[in-house]
Amino acid sequence: MPLALLALAVGAFGIGTTEFVMMGLLPDVADDLGISIPSAGHLVSAYAIGVVIGAPLLAAVTARMSRRKVLIGLMVLFVVGNTLSAFAPDHHSLLAARFLSGLPHGAFFGVGAVVATGLVPAERKARAVSLMFLGLTVANIAGVPAATLVGQNFGWRATFLGVSVIGLVAIASLALVLPRDESHAPAAGLRGELAALKSLPVWLALGTTVAGFGALFSAYSYITPMLTDSAGYADSSVTLLLALFGVGATIGNLLGGRLADRSMRGTLFGGLVSLVAVLVLFPVLMGTAWSAALAVVLLGTAAFVTSSPLLLMVMEKASSAPSLASSANQAAFNLANAGGAWIGGLTLAAGFGTTSPALAGAALAVLGLGVATLAYVVDRRRVTVRAGRVVAGGVPRRVETAARR
């Protein structure tokens with residue numbers, strides 16, 4: 001695998017660290033700025049909103065530029081956002097800085113995925129994408145716990161300065177090893193890039209991402225009370241257990257990349273079925289300490305097996321606008337984050353029990369399976385129609401009619 005994939009992984013590591021570290025620093029930020037923890041929680045939302053807005057917007061605006069320059073520029077924006085976060089004088093300034101930090105997130109992964117798949121032969125595209133995402137999953141094992149400890153011992157501002165340093169390392173790595181490329185000018189222009197997102201298969205693939213990862217975040221957003229109230233872990237043990245989730249996510253990401261190169265759709269269906277099974281068993285697995293730890297690993301594995309095939313499917317369905325499509329997939333991922341957490345919270349508020357968000361997640365995973373199945377049916381139908389059109393005479397009309405039925 002090319003060394004350039006490591007440079008992309010370094011950028012992904014920094015992005016993953018800054019995205020998830022805020023959850024562990026909320027009490028420290030709230031105390032320092034004199035705000036409530038719910039108000040500090042808006043900082044998480046500000047970052048997610050930045051991702052959702054920035055992913056398609058920056059990908060579309062930079063579609064004609066050299067992808068190497070775009071990736072370096074996005075990391076520069078990332079460093080600026082995190083540096084401003086470190087020196088934010090008040091809550092509102094920090095909200096704006098977190099929003100700015102989130103803007104390059106989706107576009108980096110979107111453009112990075114296009115670059116990664118272009119560096120390797122066709123039969124290794126999924127593995128290339130999984131190696132880029134390795135930085136994101138490893139961030140949950142090492143980056144987030146380390147950054148949280150730095151924030152708790154040296155102040156939360158030191159954490160964001162540290163993340164800015166990671167961003168500078170990523171910039172240097174990208175500049176040194178990423179191949180130089182020419183500016184890209186899509187034949188259809190920006191309007192054509194946006195038109196590529198009108199395709200039904202693209203939206204079905206994005207819908208699968210929202211439902212599938214919504215299932216993950218429905219459970220993961222409330223994993224701490226599950227581990228403490230149901231499994232009996234002390235609060236001090238939660239950080240280590242969340243690192244186990246990162247281990248599972250890393251295993252699932254690498255496994256999904258390897259399997260998707262053999263069967264993209266088969267890997268997707270297998271991952272979603274596994275996710276349904278894990279989430280259905282969650283209330284039982286949370287009954288003892290050892291099985292709860294196993295459940296955390298299995299949750300990360302089952303969910304992230306689907307990451308590479310989902311991204312490649314979106315890129316495949318929008319082949320004329322791969323950067324924009326893969327960036328839109330990152331926006332869908334963050335919508336899943338917000339939507340899954342909201343749905344899981346509804347079950348808790350309704351009094352269904354501490355582990356009820358996992359069962360809500362299982363329902364979302366079943367929905368994801370349904371959307372993926374519909375996408376498969378639509379693809380098969382389109383293949384049948386295209387095959388019919390190459391037949392001479394009056395046969396195409398009959399084949400197309402039969403396909404519609």
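- Side chain of R157 to backbone of A88: a donor-acceptor contact under 3.5 angstrom is found.
- When atom types are taken as modelled, the side chain of T306 and the backbone of A303 share a donor-acceptor pair closer than 3.5 angstrom.
- Using a 4.5 Å cut-off on side-chain heavy atoms (C-beta onward), M65 and T62 make contact.
- When atom types are taken as modelled, the side chain of D32 and the backbone of D28 share no donor-acceptor pair closer than 3.5 angstrom.
- Checked against the 6.0 Å centroid threshold, F213 and F304 count as a close aromatic pair.
- F352 has its side chain within reach of T347: a pair of non-hydrogen atoms, C-beta onward, lies under 4.5 Å apart.
- Put simply, the side chain of L168 does not reach to within 4.5 Å of the side chain of M75, judged on heavy atoms.
- Across all their heavy atoms, A260 and A126 have their closest contact at CB-CB, 3.6 Å.
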Item to complete: Kindly determine whether Y47 and H105 satisfy ring pair (Phe, Tyr, Trp, His ring centres under 6.0 Å), including the steps that lead there.
Response: CA-CA 9 Å; Y47 184 92; H105 176 128; 5.8 Å; yes

Worksheet entry | Trace of the ring pair (Phe, Tyr, Trp, His ring centres under 6.0 Å) decision for Y222 with F217 | CA-CA 8 Å; Y222 304 98; F217 286 111; over 10 Å; no

Discussion item. Run the side-chain contact (heavy atoms from CB on, under 4.5 Å) test on L71 and F108 for me, step by step, so that the C-alpha distance in whole Å, both residues' side-chain angles and the decisive distance to 0.1 Å come before the verdict.
Written reply: CA-CA 6 Å; L71 288 170; F108 181 88; 3.7 Å; yes

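- Residue L369 holds its CG atom at 9.0 Å from OG1 of T208, rounded to the nearest 0.5 Å.
- When all heavy atoms of S85 and W156 are compared, the pair lying nearest together is O-CZ3, 3.3 Å.
- At a threshold of 4.5 Å between non-hydrogen side-chain atoms, the residues V120 and R127 do not count as touching.
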Fill in: Residue pair F109, F333: steps toward the ring pair (Phe, Tyr, Trp, His ring centres under 6.0 Å) verdict
CA-CA 11 Å; F109 282 111; F333 181 89; 8.8 Å; no

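- Between the side chain of T117 and the backbone N or O of K125 there is no donor-acceptor pair closer than 3.5 Å.
- Between the side chain of S291 and the backbone N or O of L285, at least one donor-acceptor pair lies under 3.5 Å.
- The shortest side-chain heavy-atom distance between L272 and V276 does not fall under the 4.5 Å cut-off.
- Heavy atoms of other residues, nucleotides or ligands lying less than 6.0 angstrom from OH of Y233 number more than 12.
- Without hydrogens or angle criteria, T301 side chain to G248 main chain gives a donor-acceptor distance under 3.5 Å.
- Side-chain atoms of N334 and E19, non-hydrogen and from C-beta on, do get closer than 4.5 Å to each other.
- The two residues P145 and A139 make their nearest non-hydrogen contact at CD-O, 4.0 Å.
- For the 3.5 Å distance criterion, the side chains of T18 and R98 qualify, holding a donor opposite an acceptor.
- Distance check, rounded to the nearest 0.5 Å: CG of N337 to OG of S221 gives 6.0 Å.
- Between H91 and H42, the two ring planes are parallel [angle under 30°; tilted spans 30° to 60°].
- From L311, atom CG reaches atom CG of N329 across 5.5 Å, with rounding to the nearest 0.5 Å.
- Between the side chain of T354 and the backbone N or O of D229 there is no donor-acceptor pair closer than 3.5 Å.
- Residue R68 places its CZ atom among more than 12 non-hydrogen atoms of other residues, nucleotides or ligands, all under 6.0 Å distant.
- Counting heavy atoms from C-beta outward, L6 and L131 have side chains that stay 4.5 Å or more apart.
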Practice prompt. Could you give me the CA-CA distance, side-chain angles and deciding distance for Y220 and L242, then say whether side-chain contact (heavy atoms from CB on, under 4.5 Å) is met?
Written response: CA-CA 9 Å; Y220 186 66; L242 294 183; 3.9 Å; yes

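- Atom CD1 of I223 is separated from atom CG of L241 by 8.5 Å, given to the nearest 0.5 angstrom.
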Item to complete: Please test S356 against L348 for side-chain contact (heavy atoms from CB on, under 4.5 Å), starting from the C-alpha separation and ending with a verdict.
Response: CA-CA 7 Å; S356 60; L348 286 176; 4.1 Å; yes

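- The shortest heavy-atom contact between S130 and S308 is CB-OG, 3.5 Å.
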Practice prompt. Apply the test side-chain contact (heavy atoms from CB on, under 4.5 Å) to residues L94 and D90: give CA-CA distance (whole Å), side-chain angles for both, the deciding distance (0.1 Å), then the verdict.
Written response: CA-CA 6 Å; L94 186 54; D90 52 43; over 6 Å; no

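- Considering OG1 of T267 and CG of D261, their distance stands at 8.5 Å, rounded to 0.5 Å.
- Contact between N253 and T137 at its shortest, heavy atoms only, is CB-CG2, 4.2 Å.
- Between the CG atom in L84 and the OG atom in S164 there is a gap of 8.5 Å [rounded to 0.5 Å].
- Within the 4.5 Å cutoff, no side-chain heavy atoms of F245 are placed close to those of V297.
- Minimum heavy-atom separation, I166 to G14: CG2-CA, 3.7 Å.
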